[in-house]
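Report on the structure given below.
Numbered from 1 within each chain, the chains take letters A, B, ... in sequence-line order.
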Amino acid sequence: MSELTKVFEHAKIDPKWYAYWERVGAFRADPSSGRPPFSMVLPPPNVTGWLHIGHALNQTLPDVVARWKRMQGCDVLWLPGTDHAGIATQNVVEKQLAEEGRTRHELGREAFEARVWKWVEESHGTITSQMRKLGSSVDWSRERFTLDASLSRAVRRVFVSLHDEGLIYRGTYLVSWCPRCRTALSDLEVDHRDTAGKLYQLRYPLHGGEGAVVVATTRPETMLGDTGVAVHPDDDRYRELVGRRVVLPVIGRELPVIADAFVDPAFGTGAVKVTPAHDPNDFEIGQRHGLPQVSVIDEDGRMTGEAGPYAGRDRFAARADLVAELDAAGLLVGVADHVHAVGHCQRCGTVVEPLLSTQWFVRIEPLAERALEVVHRGRTTFVPENWTRTYEEWMTNIHDWCISRQLWWGHRIPAWYCDACDAVLVAEEAPAACTCGGAVRQDKDVLDTWFSSGLWPFSTMGWPDATDDLARYYPTSLLITAHDIIFFWVARMMMLGVKFAGNVPFETVYITSLVRDAHGQKMSKSKGNVVDPLELIGEIGADAFRFTLAALASPGMDISLSEGRLRGYRQFVNKIWNASRFVLMNLPPALQTRPDVPPAGDLDLIHRWILHRTGELSGELQAALEGFRFDVAADRLYHFFWHEYADWYIELVKPRLQGDAAERDTAVAVLLEAHDRILRMLHPFMPFVTEEIWQALPQRPGDGRAPNGTDCTVSLAQFPAPVAAWRDEPAVSAMTLLQEVVTTVRTVRSEWGVPPSRPVTALVEGAPAEVRELLGAQGGHVRHLAGLSSLEFADTVARSPDTVRRVVRDFQLHIPLAGIVDRKQETDRVRRSLAKLSGQRKGLQARLAKPAFVERADPEVVRDAREQEQVLAQRQAKLEQILQELGG
RNA sequence: AGGCGCGUAGCUCAGUUGGUUAGAGCGCCUGCUUGACAUGCAGGAGGUCGGCGGUUCAAGUCCGCCCGUGCCUACCA
């Protein structure tokens, strides 16, 4: 037990407890424990990355779950790790080199890889220490990296296996190519941005005769690679031309005019130039009609030798010059502004070039089918469930996955080529030589980063070996991740998990929203509205930050990181802190262990009430968390702690703590019980401040015992469950009545500007016996909270113009305020409440007067309405009487 | 072009299976140095729930259309 400082210094306290948790093994999974397992994998951040706001959310929410499950007695595995992030990391290191005026090619592959490893080792600590600052309760003893030897072995195993099954193939196809990164990309790595461009109409003269065909294109430079012109088969304008030939300007190549249903007769001129080597559609048209493929743009984005006079020029320079040349030759028929989607490299923003290239692909359909099926069978559930649609859409319209990258940083493709016999050997380990005896050399390329991330849920647990972890923790219970990587990551894990680990990777996938700025704008560096979670943690502490994220995490809504909410929850932490200081400073000095709470039947109203409400809160939290309603859980905790526990219970218990020994001991016992339970319930959301306070409170021996057998932590203390013996609805209705009386008096004080220093008295007129009894017994509480010097009862109270009268339920409160009350103001006030009330009553009466309502509505609803109408009638009569006696 | 959202108080958001005249935080107004907390306490003002129509005894909640707004997927040159 120790004193709490005047203010909560998160910067000092947070790191202390994180180190403590690690030291006592609080987050370590234990497969040998008899406890029910609960498992998650952490979406591995980029090993050289920096914790951004998205990570913060996608670690806070699972951390809430992990801590909650741990406190419920589960054996929780939350497995952390980092991703080598192939293209992203390589780009960063290349930039570093560029600043030194060097390129990776000057360094050579080996030296470059060594350089990246060095950078990885340097910066790995950044992201992991940032996770600790946030409080993520991951099992660091099981941390993995996608390039670990064991994970690399899993990658090779999967590659070879898919290849042997014919699900990985190598071939020359049109792929998206980034001329700056100099690598092929998958479809997903291409961002389509609407771009203002031009639609050019070009005239291709007919071969051997007069006339011409006018084609439309947004990319005139690709005409140099045209090998045909296509029109729609039913297009009467061109029917005669099909089968004839046109002459390609500049190059002079003769191109057949072909008919293909792909062409939209309504677009442009209805005639399309066909460039099979630089356009995905044209590639397919070319295949259908056996057109040659002429590559005119190379891997650097320059025109090739096939581009005639433009060979060696940059593709965009060539476009401009070519348009000028065609214009001069009278072959440019028209130019119009045209907005169209242009593919950009997701990593560097360069305009992507579709070009022919030999790459490795995954034949995706058979994998997608099974991944779709397991979701349909309910093996994996998406939350919110509408993400199932998104998943299905993509899985059913999926294209083969280009997995080879012309990079140096990543898993080297396990394929070897024989120079002697052209054989391709795919194997987990390097073959010594080809079967023909010839020397072999390994494929130079590496795999798409997402290929290894796709194995994450099982490769991290030791697959392909049959490990204990795998048996116990796979499939994982839950994945929490953002929607922007459903395709990149979730879908691939589903496909590969089902295929290789023999089961779905997760039972539930909870998809979080994007975190935006205070006004719902997407955060971006160019807008300058990026919020750094670490700065926020520095300012308001991890607890307040986490609580804000949880409170704002309503399913299906993007999160606007509102400053008001952040500030509000920082103040909540302060409130918790100060309430805890109050509790601690009111404990008897000798108290070492926590006293037991007396049986509820022996307790006074306020104690029974808070115990009942604390128990109810447990149930509400349980339900909210089971349904992933982090926002609801946070809201309940906030409201309960501040506006029930602190505003009412603590205020009510204050005099008891000054009372006689028996009264004080009971108050201490209940106060500690309630406080302890609330701290436990808050802990998953606010791990640091709750641990600091919990450690300072007297505990029962053994509560929250850590695996090391000596230390204790709230993170392993039992999460409160509802207590049947504490259920006490009558206590709630009694408290509600007290609160109504207190609030009524306070409102009167406020209305008439009666300062707290000035005592007032109150007389209760016409209260039924049970109310009288209750208010009599609890009169001390009411007087204390309402600032009354006396509270008395009477059947009738003499009318006085100096007395304010208020109706509470079916009785009246008389508060004499001689010299303060203005009769006219008071009359207006009563008149206003009367107007409001009679409006309410009229609505009810109208409803009850309708036979349809009485006949068709739920009898209970009708009964409630009748009762309510009676209550309002009584109140109305009393108010009318008051008004009359005021002379209004 | 398809798919998925969103539109409730000045701002950021809740509102469970339809059921009294809709809630929270911040902001705003009034009064308070009430020994845990001015990062606080007490009280208060503020919304025809984007619009129109429909279903129903009853609609913020269900259905249709419209308007506004955001995101994702997509090979229209």
Sugar-phosphate only, base, or nothing, as touched by A/Lys575 at under 4.0 Å among non-hydrogen atoms: base
Options B/C37, B/G43, B/G25, nucleotide nearest the side-chain atoms of A/Arg581: B/C37
Touch class at under 4.0 angstrom, heavy-atom based, for A/Val854 against every strand present: nothing
Geometric class of the A/Phe267/A/His338 ring pair [parallel <30°, tilted 30-60°, perpendicular >60°]: perpendicular
Sugar-phosphate only, base, or nothing, as touched by A/His399 at under 4.0 Å among non-hydrogen atoms: nothing
Span that lies between the C1' atom of B/G3 and that of B/A77, in whole angstrom: 25 Å
A/His338 vs B/A77: side-chain N/O to OP1/OP2 distance below 4.0 Å: yes
Distance test, side-chain N/O of A/Arg389 to OP1/OP2 of B/C4, below 4.0 Å: yes
Nearest-angstrom distance from the residue atom CD of A/Glu751 to P of B/A45: 9 Å
Sugar-phosphate only, base, or nothing, as touched by A/Ala865 at under 4.0 Å among non-hydrogen atoms: nothing
Between B/A45 and B/C63 - P atom distance, rounded Å: 35 Å
Side-chain donor-acceptor contact under 3.5 Å, A/Asp260 with A/His289: yes
Residue-phosphate contact under 4.0 Å: A/Lys654 side-chain N/O, B/A36 OP1/OP2: yes
A/Arg237 and A/His232: side chain donor to acceptor below 3.5 Å: no
d(CZ, A/Phe582; P, B/U39) in whole Å: 20 Å
Sugar-phosphate only, base, or nothing, as touched by A/Arg749 at under 4.0 Å among non-hydrogen atoms: nothing
Sugar-phosphate, base or nothing in reach of A/Thr390, heavy atoms under 4.0 Å: nothing
Touch class at under 4.0 angstrom, heavy-atom based, for A/Lys842 against every strand present: nothing
Candidate nucleotides B/C37, B/A36, B/A77, ranked by approach to the side chain of A/Asn574 - the nearest: B/C37
Sugar-phosphate only, base, or nothing, as touched by A/Asp484 at under 4.0 Å among non-hydrogen atoms: nothing
Any donor-acceptor N/O pair, A/Trp577 side chain to A/Thr5 backbone, under 3.5 Å: yes
Residue A/Val272, side-chain atoms from C-beta onward, closest of B/A36, B/A77, B/C41: B/A77
Touch class at under 4.0 angstrom, heavy-atom based, for A/His232 against every strand present: nothing
Rounded distance in Å - CZ (A/Phe547) to P (B/C26): 13 Å
Sugar-phosphate only, base, or nothing, as touched by A/His340 at under 4.0 Å among non-hydrogen atoms: sugar-phosphate
Nucleotide of B/A36, B/A74, B/U20 approaching A/Ala646 most closely (side-chain heavy atoms): B/A36
Inter-nucleotide P distance (B/U48, B/U61), Å rounded: 16 Å
Side chain of A/Trp642 - closest among B/G19, B/C72, B/G40: B/G40
A/Arg636 side chain near B/U16 phosphate (N/O to OP1/OP2, under 4.0 Å): no
Inter-nucleotide C1' distance (B/A22, B/U8), Å rounded: 8 Å
Distance below 4.0 Å between A/His643 side-chain N/O and B/G25 OP1 or OP2: yes
Sugar-phosphate only, base, or nothing, as touched by A/Tyr638 at under 4.0 Å among non-hydrogen atoms: sugar-phosphate
Distance between P atoms of B/G5 and B/A42 (Å, rounded): 41 Å
Sugar-phosphate only, base, or nothing, as touched by A/Arg565 at under 4.0 Å among non-hydrogen atoms: base
Sugar-phosphate, base or nothing in reach of A/Glu392, heavy atoms under 4.0 Å: nothing
Residue A/Met585, side-chain atoms from C-beta onward, closest of B/A36, B/A77, B/U12: B/A36
Stacked cation flag A/Lys575 on A/Tyr638, 6.0 angstrom / 45 deg: no
Residue A/Ile650, side-chain atoms from C-beta onward, closest of B/C26, B/A36, B/C4: B/A36
Nearest to side-chain heavy atoms of A/Ser750, which nucleotide of B/G43, B/G3, B/C13: B/G43
Aromatic plane relationship, A/Tyr510 with A/Phe630 - under 30° parallel, 30 to 60° tilted, over 60° perpendicular: perpendicular
Ring-face cation of A/Arg389 near A/Trp394 (centre distance under 6.0 Å, axis angle within 45°): no
Short side-chain N/O contact to B/C37 OP1/OP2 from A/Gln571, under 4.0 Å: no
Sugar-phosphate, base or nothing in reach of A/Arg516, heavy atoms under 4.0 Å: sugar-phosphate
Side chain of A/Asp635 (C-beta onward), nearest among B/A36, B/A24, B/U20: B/A24
Nearest-Å distance once atom C1' is located in both B/G15 and B/A9: 14 Å
A/Glu221/A/Arg315 ion pair, N-O < 4.0 Å: no
A/Asn386, nearest nucleotide to its side chain (from B/C4, B/A77, B/A74): B/C4
